[in-house]
Amino acid sequence: MNDKTDAGQRDAFRTDVLREICNIGAGNAATALSKLMNRRVDMRILRVLALPFNDIVEYAGGAENIVAAVFARFEGSLSGNVLFAADEQEARHLILALTGTEQEGFSPLACSVIQEIGNILIGSYLTALSDFLGMELRPTVPSLAVDMAGAILSFSLMEIGRTSDTAIMIDAGLGTEDAPPSEERTSRIFLLPDPESFETIFIALGVADHGKD
C-alpha cells in the first residue's frame with residue numbers, strides 16, 4: 001500500500017473519530033434545548049469536512065446570506081471557535097417553537113431568543129466535548145451578531161487563518177420533531193478547532209499513530 005493510500009485511510013479514520021466525539025456533544029446540546037423548548041429537539045452531525053475558508057462561507061449559504069450567529073472562542077487544552085448560526089427563516093421557526101409567537105426579521109425579541117438558544121447549545125456542546133476528552137475547555141462569553149454570513153465567518157476564521165487556509169468544519173444540523181435535521185436546513189453549529197488542536201485530540205484518544213508504520 002502506498003503512502004498516499006495510507007494517508008487517505010488515516011484521514012478517513014480521524015474524520016470518523018471526530019464525528020463520533022461531536023455526536024456526543026450534539027446529543028447533549030439537543031437534550032438541553034429540548035428541556036428549554038419542552039419538545040423534542042434533534043441535533044445530528046451532518047458532515048466533517050476539511051474545507052478552504054471560502055468554501056465554508058459558500059457552504060453556509062453564500063457570503064451575502066444574512067444570518068444571526070452566536071459566537072464563542074474556547075481556550076484551554078484545545079482552542080478554536082464555535083458558532084451557532086440561523087438564517088431569518090430558520091430563526092423564525094425556532095422562535096415560534098420556543099415562544100409560540102411569530103416574528104418578522106431579527107427583532108429584539110428574536111435576537112434575544114436566538115442568543116439564548118445559542119448560549120445553551122454552545123455551552124452544552126463544549127461541556128460534552130470537555131467531559132469526553134477529559135480536557136479543560138474555557139469558552140468566552142458568547143456574543144450575538146446579525147450580519148452577512150461572509151462577514152461573520154471571516155471573523156470566526158481569522159485566528160485559524162494565521163496558521164492555515166483550511167479549516168476542519170464539523171457541521172451539526174438542528175431540527176425538531178416536525179422538521180428533522182437535514183442538509184437543507186440552515187440552523188447549524190460550526191466547530192472550528194485551531195489546526196494544532198487536532199493532534200492534541202488524537203493523542204488524548206490514543207489514535208495519533210493509527211495508520212502510521
Side-chain angles (χ1 to χ4, degrees), residues 18 22 25-26 29 33 43 45-75 78-96 98 103-126 129 137-175 181-198:
L18 290 174
C22 290
L33 195 56
M43 179 168 281
I45 301 300
L46 299 173
R47 288 184 178 180
V48 179
L49 296 171
L51 289 175
F53 292 171
N54 290 339
D55 289 356
I56 290 179
V57 174
E58 289 303 314
Y59 186 83
E64 297 182 356
N65 186 34
I66 299 295
V67 298
V70 181
F71 167 87
R73 181 158 179 82
F74 58 92
E75 303 284 352
L78 305 174
S79 60
N81 299 323
V82 59
L83 70 151
F84 166 73
D87 70 7
E88 184 174 338
Q89 181 179 4
E90 189 63 17
R92 287 206 302 268
H93 171 78
L94 291 172
I95 293 162
L96 177 61
L98 186 60
Q103 292 290 313
E104 290 294 331
F106 292 112
S107 66
L109 175 60
C111 288
S112 176
V113 171
I114 294 298
Q115 170 90 55
E116 184 63 18
I117 291 173
N119 290 351
I120 290 172
L121 290 177
I122 288 174
S124 299
Y125 204 87
L126 291 179
L129 295 182
L137 300 180
R138 299 188 302 273
T140 60
V141 176
S143 59
L144 172 72
V146 178
D147 204 337
M148 292 187 291
I152 290 175
L153 282 168
S154 294
F155 175 78
S156 303
L157 296 167
M158 191 179 302
E159 290 293 326
I160 302 173
R162 294 177 181 175
T163 54
S164 173
D165 59 1
T166 300
I168 300 295
M169 183 188 70
I170 300 167
D171 179 4
L174 181 68
S182 72
E183 294 288 347
E184 289 73 30
R185 293 182 68 78
T186 51
S187 176
R188 290 173 171 163
I189 280 187
F190 295 96
L191 181 66
L192 303 166
D194 292 343
E196 62 272 17
S197 291
F198 288 106

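All values below come from the heavy atoms of this structure, side chains included, with hydrogens, waters and symmetry mates left out. Everything quoted here is computed from the prediction, not taken from an experiment.
- Evaluated for a side chain to side chain contact (heavy atoms under 4.5 Å, CB included) with Phe84, the options Asn119, Val67, Leu121 yield exactly one hit, Leu121.
- Of all heavy-atom pairs spanning Pro142 and Ala72, the tightest one is CA-CB, 4.1 Å.
- Counting heavy atoms from C-beta on, the side chains of Asn65 and Met148 never come closer than 4.5 Å.
- Pairing each heavy atom of Ala149 with each of Gly62, the nearest pair is CB-O, 3.5 Å.
- The heavy-atom pair separating Ser124 from Ala29 by the smallest distance is CB-CA, 3.5 Å.
- Under a 3.5 Å cut-off, the side chain of Ser112 and the backbone N or O of Pro108 do not form any donor-acceptor pair.
- Across Tyr125 and Ala26, no two heavy atoms sit closer than the pair CE1-N, 3.5 Å.
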Practice task
Verify side chain to side chain contact (heavy atoms under 4.5 Å, CB included) between Val82 and Phe190, making sure each step is shown before the conclusion.
Solution key: CA-CA 6 Å; Val82 59; Phe190 295 96; over 6 Å; no
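- Between Ala69 and Leu83, the shortest heavy-atom distance links the atoms CB-CD1, 4.1 Å.
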Exercise for the section: Determine, step by step, whether Leu191 and Leu129 satisfy the side chain to side chain contact (heavy atoms under 4.5 Å, CB included) criterion, reporting the C-alpha distance in whole Å, the side-chain angles of both residues, the deciding distance to 0.1 Å, and the verdict. Expected result: CA-CA 11 Å; Leu191 181 66; Leu129 295 182; 3.8 Å; yes
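- No side-chain heavy atom of Leu78 sits less than 4.5 Å from a side-chain heavy atom of Pro193.
- Between Phe106 and Asp87, the shortest heavy-atom distance links the atoms CZ-C, 3.9 Å.
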Handout entry: Audit row: Leu94, Val113, side chain to side chain contact (heavy atoms under 4.5 Å, CB included) steps and yes/no
Key = CA-CA 8 Å; Leu94 291 172; Val113 171; 5.8 Å; no
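- Remark: side-chain polar atoms of Ser197 are paired, donor with acceptor, to backbone N or O of Ser79 under 3.5 angstrom.
- By the 4.0 Å N-to-carboxylate-O rule, Asp194 lies close enough to Arg73 to be salt-bridged with it.
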Problem - Criterion side chain to side chain contact (heavy atoms under 4.5 Å, CB included) on Ile122 and Val70, from CA distance to verdict - result: CA-CA 8 Å; Ile122 288 174; Val70 181; 3.9 Å; yes
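- Between atom CD1 of residue Ile120 and atom CD of residue Gln115 there is a gap of 10.5 Å, rounded to the nearest 0.5 Å.
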